Amino acid sequence: AKFLSIESNPITLARAIMSDQRRHPEAKGDLTMILSSLMLACKFVSNAVRKAGIASLIGISGSSNVQGEQQKPLDILANDIFINSLKYCNKIAALASEEETGIYIIDNPDEAKYVIAFDPLDGSSNIDVNVSIGSIFAIWKRPDYSKPVVLEDFLRTGAEVEVSGYCIYGSSTQLVIATKEGKVDCFTLDNSIGDFILTHPNLRIPKKGNIYSVNEGNSHFWDKSMKEYVNLVKTPQDDNTYSLRYVGSMVSDVHRTLLYGGIFLYPADKKSPNGKLRVLYEVFPMSFIVEAAGGKATDGRRRLLDIKAHDIHQRSPCILGSPDDVDTIVAIYAKND
Ligand code: AHG
Ligand code: MN
Ligand code: MN
Ligand code: MN
């Protein structure tokens, strides 16, 4: 019953996971523990993001990361929060983070079956100007958890992901989680009770959209097919005109693409031949989520989830979104190759 629009049957993330678990009794609750730790981390980062301006968590920290980027205080704080939240759930053997040079091995009381890769704070260039930012993660089951964890546990394909998700610290804090059964749910943080409530169950991406999302400032460096595609969507065709929306935080641009449809592109260019986005904790999780919601994700020629990682910080061109829009650019690459 709903009185005065106060939900009398709130579905929290914990309850949603448990109902999932009932459908998969074989899962020993490990993923439940990991997702609960991730939920805690997202709440803490959300709290820090909301206080960044006051707690002088803005500007630069003076240190840089393996990516060659100037780390922001929130990059470092979010990284510490994620590591400390995941360290004690006893279910993660090791983690890879944008802000950690190598894999971070966790000392567990007994064998831990999963590894996680995450981007603790995505869209750092937007922190100081109060534009939405986020966190992104992907979880793999280790091929052989009787052995000590090794780098190879992370050098997997995106198709092998068990669960991936992102948290977006925007006008509200929302946590989107996708499972390999192709279920995508969005939970919204209710600050008054400090819990994530299921607000958008079973998200499906529109078959086609009318928004393209790319940093046109790099257009001079794009390849022929990318230039041809962007010119196509900029050419008004009968009732089919596109708008450009580009936030510069992948989480925001992908979240909008998931809900409104359309296409997000971070192509390779002459400056960065493999594009900018990192495979393990940006391209794979977002491609996994978009495919689970009925979308497509490609580098123009191949399905992104079929890539097998050879380095935890490797990059890849990234084109993802509504299936009809992705098919259009794939056809252009096929025609020109
Ligand atoms: P991060 O802040 O985690 O380093 O990621 C930034 C990424 C991604 O969020 C966004 O899509 C892209 O950088 C924007 O890059 P440009 O500013 O080159 O467009
Ligand atoms: Mn960064
Ligand atoms: Mn990022
Ligand atoms: Mn980041």
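What you see is a predicted model, and the numbers here were worked out from it, not measured in a lab. Residue numbers count from 1 along this sequence. Just so you know, ligand 1 is whichever comes first in the structure, and atom 1 is the first atom listed for that ligand.
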Check each atom of ligand 1 against the heavy atoms of [X] and keep those under 4.0 Å away; list them by number with element.
X: N215; value: 16 (P), 18 (O), 19 (O)
X: M250; value: 8 (C), 9 (O), 10 (C), 11 (O)
X: G248; value: 9 (O), 10 (C), 12 (C), 14 (C)
X: E69; value: 4 (O)
X: S249; value: 9 (O)
X: E282; value: 3 (O), 5 (O)

Please confirm whether the backbone N or O of [Y] pairs with a side-chain atom of [X], one donor and one acceptor, at under 3.5 Å?
X: T157; Y: D306; value: no
X: K72; Y: S124; value: yes
X: S316; Y: V279; value: no
X: S249; Y: S132; value: yes
X: D75; Y: E99; value: no
X: T298; Y: R302; value: yes
X: T101; Y: V66; value: no

### Query
Any heavy atom of S125 sitting closer than 4.0 Å to ligand 1?
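So S125 does not count as touching ligand 1.
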
In the protein, what heavy atom is nearest to [atom], and what distance, to one decimal place, separates them?
atom: atom 18 (O) of ligand 1; value: Y266 OH, 2.7 Å
atom: atom 17 (O) of ligand 1; value: K276 NZ, 3.9 Å
atom: atom 7 (C) of ligand 1; value: L277 CD2, 3.9 Å
atom: atom 19 (O) of ligand 1; value: Y246 OH, 2.6 Å

### Task
Taking the side chain as every heavy atom from C-beta outward, state whether V45 and P120 have any atom pair closer than 4.5 Å.
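In short, these two side chains do not touch, never coming nearer than 4.5 Å.
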
### Side-chain heavy-atom pair Y166, D119 within 4.5 angstrom cut-off
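A side-chain contact is absent here, since even the closest heavy-atom pair is not under 4.5 Å.
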
Could you give the distance from [atom1] ([X]) to [atom2] ([Y]), rounded to the nearest 0.5 Å?
X: I312; Y: R278; atom1: CD1; atom2: CZ; value: 12.0 Å
X: N79; Y: F118; atom1: CG; atom2: CZ; value: 5.0 Å
X: D253; Y: N215; atom1: CG; atom2: CG; value: 10.0 Å

Under 4.0 Å, heavy atoms only, figure out whether ligand 1 is touched by the backbone of [X], its side chain, both or neither.
X: D119; value: side chain
X: S124; value: both
X: L121; value: backbone

### N/O separation below 3.5 Å, F264 to ligand 1
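F264 vs ligand 1: no N/O contact under 3.5 Å.
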
### Task
Answer yes or no: is there an ion pair linking E152 with K147, defined by an N-O contact shorter than 4.0 Å?
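Salt bridge: no.
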
#### Entry: D122, N218, I133, N65: member with heavy atom nearest to atom 8 (C) of ligand 1
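The residue whose heavy atom sits nearest atom 8 (C) of ligand 1 is D122.
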
### Heavy-atom proximity to atom 4 (O) of ligand 1, best of Q67, R278, E99, K271
R278

### Query
Does CG in N231 sit with more than 12 non-hydrogen atoms of other residues, nucleotides or ligands closer than 6.0 Å?
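Atom CG in N231 is crowded, with more than 12 foreign heavy atoms closer than 6.0 Å.
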
### Task
Answer yes or no: are there more than 12 heavy-atom neighbours, outside Y145 itself, under 6.0 Å from its atom OH?
no

### N, O or S atom within E282 nearest to the Mn ion (ligand 3), by name
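Minimum-distance N/O/S atom of E282 relative to the Mn ion (ligand 3) is OE2.
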
#### Entry: Polar protein atoms near the Mn ion (ligand 2) [N, O or S; cut-off under 2.8 Å]
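Result, waters dropped: E69 OE1, E98 OE2.
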
